[in-house]
Number of protein chains: 2
Amino acid sequence: MGKDNKSKMVEAITSMDEDFAKWYTDVVLKAELIDYSSVRGCMILRPYGFAIWENIQKILDGMFKATGHENVAMPMFIPESLLQKEKDHVEGFAPEVAWVTHGGSEQLTERLCVRPTSETLFCDHFSNIVQSYRDLPKLYNQWVSVVRWEKTTRPFLRSLEFYWQEGHTVHATAEEAEEETVRMLNVYADFYRDALAIPVIKGRKTDKEKFAGANATYTIESMMKDGKALQSGTSHNFGDGFAKAFDIQFTDKDNTQKYVHETSWGMSTRTIGAIIMVHGDDNGLMLPPAVAPIQTVIVPIAMHKEGVLDKANELKARLASKFRVKVDDSDKMPGWKFAEYEMKGVPVRLELGPRDIENNHCVLVRRDTNEKITVSLDNIEEELENLLKAVHDNMYARALERLESRIYEAHDYDEFKKTVEEKPGFIKAMWCGELDCELKIKEDTTATSRCMPFDAEAIDDKCVCCGKPAKKLVVWGKAY
Amino acid sequence: MGKDNKSKMVEAITSMDEDFAKWYTDVVLKAELIDYSSVRGCMILRPYGFAIWENIQKILDGMFKATGHENVAMPMFIPESLLQKEKDHVEGFAPEVAWVTHGGSEQLTERLCVRPTSETLFCDHFSNIVQSYRDLPKLYNQWVSVVRWEKTTRPFLRSLEFYWQEGHTVHATAEEAEEETVRMLNVYADFYRDALAIPVIKGRKTDKEKFAGANATYTIESMMKDGKALQSGTSHNFGDGFAKAFDIQFTDKDNTQKYVHETSWGMSTRTIGAIIMVHGDDNGLMLPPAVAPIQTVIVPIAMHKEGVLDKANELKARLASKFRVKVDDSDKMPGWKFAEYEMKGVPVRLELGPRDIENNHCVLVRRDTNEKITVSLDNIEEELENLLKAVHDNMYARALERLESRIYEAHDYDEFKKTVEEKPGFIKAMWCGELDCELKIKEDTTATSRCMPFDAEAIDDKCVCCGKPAKKLVVWGKAY
């Protein structure tokens, strides 16, 4: 009974200023996004957490289809010999894969790894189905889970198994592959801005940070409330490296044999971690309206009074065709419900009591500002639509302001180190392009190169670390 | 070049009368539903095959949500000790699971199996989150792939990895669990009838054929064109067996501790096998309109003539809000296109040439009957909607007529054996309820008990096999 009553309570969440990591775990568990499982490092996505992922999937999948992509499904296993075909790729992934060695009671003649990513499977398939320029491009995607044997794990941010989509495309020319790589990075950035209200920095990864086997990796990086970076989506141009390893050739219009050019791009359930850490506060989650499982919760006031619950249900029925709406008709006190839906990050609360009904209005309360407005029930659909848009816009504006105000410049190494130590956020600094400097910075400060932003202007002519001539502006930061 | 030209051709399909198994494989490959992978027994779902599965998912998921179910996601791994908690369950599944024994280069202290089904994971979770009657029922579902280490495999029908949904629910009473078990079986039967145009026989499995660990398994059985049965969806009532094994108790209203009652139910990509083998013919696939990736293909005639392609695209834009439509503007001859979309099972072909445009009409051709009708473009939306409905209804009526005409009765064992040998289809016969007779029938004839149909009337008073008093009417048949 103790546990029962407790689970019904709106429990206090650790303050984010006091302990950001503890705050994060509290929110993840108390908003009922996940439960821990009996498998080390694997999480259970509970209905409320999975509903966020479903909304993310629906919007992103629509964007993929609008850009000509088709969904497929590859096996979850990769034979060891197939994983080994591309040298850099196997070196990057083999240390962190799970190996299936037995089927039933028999030992397998060849081990199978559980996919950590599926380039090798797609390449193998492409080599079967691509013969002519008429077969190109192939623009494929799949929604699956993948497994990477991580030592330490955190819900959404780093787990043994996680959910994602992986796009895999092959093209006739290097130009088309590059266009695709950039196109999909822009899809990710647009999705973050328009659906999640999260601003990002777009750029290219250094060679050290790029994907195993890629010529170039592009990334969107977002900033959490503690100033740390979260790599939020990546898009890779493989050139013809995999095509050569897997012999994916086609007969071109000029009747010669050519290798295809390939890309891949992925976004995962990490995104839910970004939503939590960019928008959440000491009252819990704050969900962007586009992906919130409940966009508006109707809380009846003086629910026992005649007509209140009927009116609340009537209002729900009216709103349900345009919005994701729930009526909470449980026997908890309204104040408890307010706190519970704040914790669950519902963007707008709708309060409706006897006096409201008498006056043909209701009260709308924003999660982002706590602001209350009284609106007529006559045009509640329009009011709600405008308010949800305003919530989104405000969430984005605040996140953008925070991001921009926490990007610092460093012109020498002392300034760099001091900034990392004293100011949570990102640092812009020039870089000579040498791995040694990148490694030294990481060792000295724990900050890593997040990306080389597109179209960045030089702020200096020498490397912030070694003082030699600088090649690139890099955004640095501590990262999840 | 040879392979290239060949892949563009509409290749002949083996006749189904000549070799049904070969016909099936030809259709699966030539309609581009799947490709074989480098992993034994695992298939690749290609875009056209996966699009059918997406449509199935969308409709079924809507039916699950309409009946109050929520989606979740469990880990893909099950620790060996967890799998072993329910005795019958582990005996049923352990011989056919894949074992992960290593993570990276380290051997695991406990083996993990790749889920063959997820009862044990759900039970483990339910034992964490269910404390009070207020927490019940939990009505969960997940869309995932599972792995069973089969010796021989066939695309969609039996593969090492397959895609499915698995519903898992817990209830306060045995009555509610039984209601749920039957409700979801009816959802499956309705889905087969309304979305797939496939009639089924609903009934209960014998103890021999029921799910490992279940008190009762209900099933829908459909009949393929070769007369064989396909188990098409099952719903299991576990009673409180799993609850006791996993200690899932709750405090009831009367303040006593009680065990929950549990159900699970699943439908898989086998369903695509059913669609192929119930509706397909020697020209290829025949897809039910509700799940067809392309419901109508527009084939422009004399495409080079001015205005034809524009008009075709205009028509597509007009129809696209209500139907899944494609214009084939490739440079193949119309006759080739006709054959190609017949093979792909597109329910209605729309032909549009210069003379049609002049007369403001077009020609609609049904895949199921090959019937052509000329209709005005003015009310093409309505014509097409009616025609797709007529195609569905006719496909269902034909399948029902075939099913009903191939259910035979047997009143003694000689008649039974002769019927199995000579008449492809199902056999109704009485059964004493003893395992021995069930095993003998299987050994003598290869026919298995498919189900004990609900509300079946006795056709005899003695067992068809042993002659002892009969308890149940059973539908028998050879099965996939």
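Quick note on labels: first sequence line is chain A, next is B, and so on, each numbered from 1.
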Top residue by heavy-atom pair count (under 4.5 Å) with chain B, among A:Gln142, A:Lys65, A:Lys138?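 Most heavy-atom pairs under 4.5 Å with chain B: A:Lys65.
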
Under 3.5 Å, is there a donor-acceptor pair linking the side chains of A:Thr117 and A:Glu119?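 Present: a donor and an acceptor within the cut-off.
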
Hydrogens and angles aside, do A:Gln131 and A:Thr251 bring a side-chain donor and acceptor to less than 3.5 Å of each other? no

By a 4.5 Å heavy-atom criterion (distance strictly below it), what part of [X] contacts chain A: side chain, backbone, both, or neither?
{"X": "B:Leu82", "value": "side chain"}
{"X": "B:Ile34", "value": "neither"}
{"X": "B:Val130", "value": "neither"}
{"X": "B:Asn141", "value": "neither"}
{"X": "B:Asn71", "value": "both"}
{"X": "B:Pro95", "value": "backbone"}
{"X": "B:Tyr140", "value": "side chain"}
{"X": "B:Val147", "value": "side chain"}
{"X": "B:Ala98", "value": "both"}
{"X": "B:Tyr163", "value": "side chain"}

Which label fits A:Phe246 and A:Phe242: parallel for a plane angle under 30°, tilted from 30 to 60°, or perpendicular past 60°?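 Rings of A:Phe246 and A:Phe242: parallel, as their planes differ by under 30°.
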
Tell me whether B:Asp247 at atom CG has more than 12 heavy atoms from other residues, nucleotides or ligands lying less than 6.0 Å away. yes

Decide, yes or no, whether a salt bridge links A:Glu340 with A:Lys332 under the criterion of side-chain N to carboxylate O below 4.0 Å.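 Counted as a salt bridge, because a side-chain N and a carboxylate O are separated by less than 4.0 Å.
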
Answer yes when B:Lys151 and A:Glu106 have at least one side-chain N-carboxylate O distance shorter than 4.0 Å, and no when they do not.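 Salt bridge: yes.
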
Smallest separation among heavy atoms of A:Lys326 and A:Ile294, with atom names: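 What the structure gives for the nearest pair is CD-CD1, 3.7 Å.
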
Less than 6.0 angstrom from the centroid, inside 45 degrees of the normal: does B:Arg111 satisfy that with respect to the ring of A:Trp99?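 Here B:Arg111 fails the 6.0 Å and 45° test against A:Trp99.
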
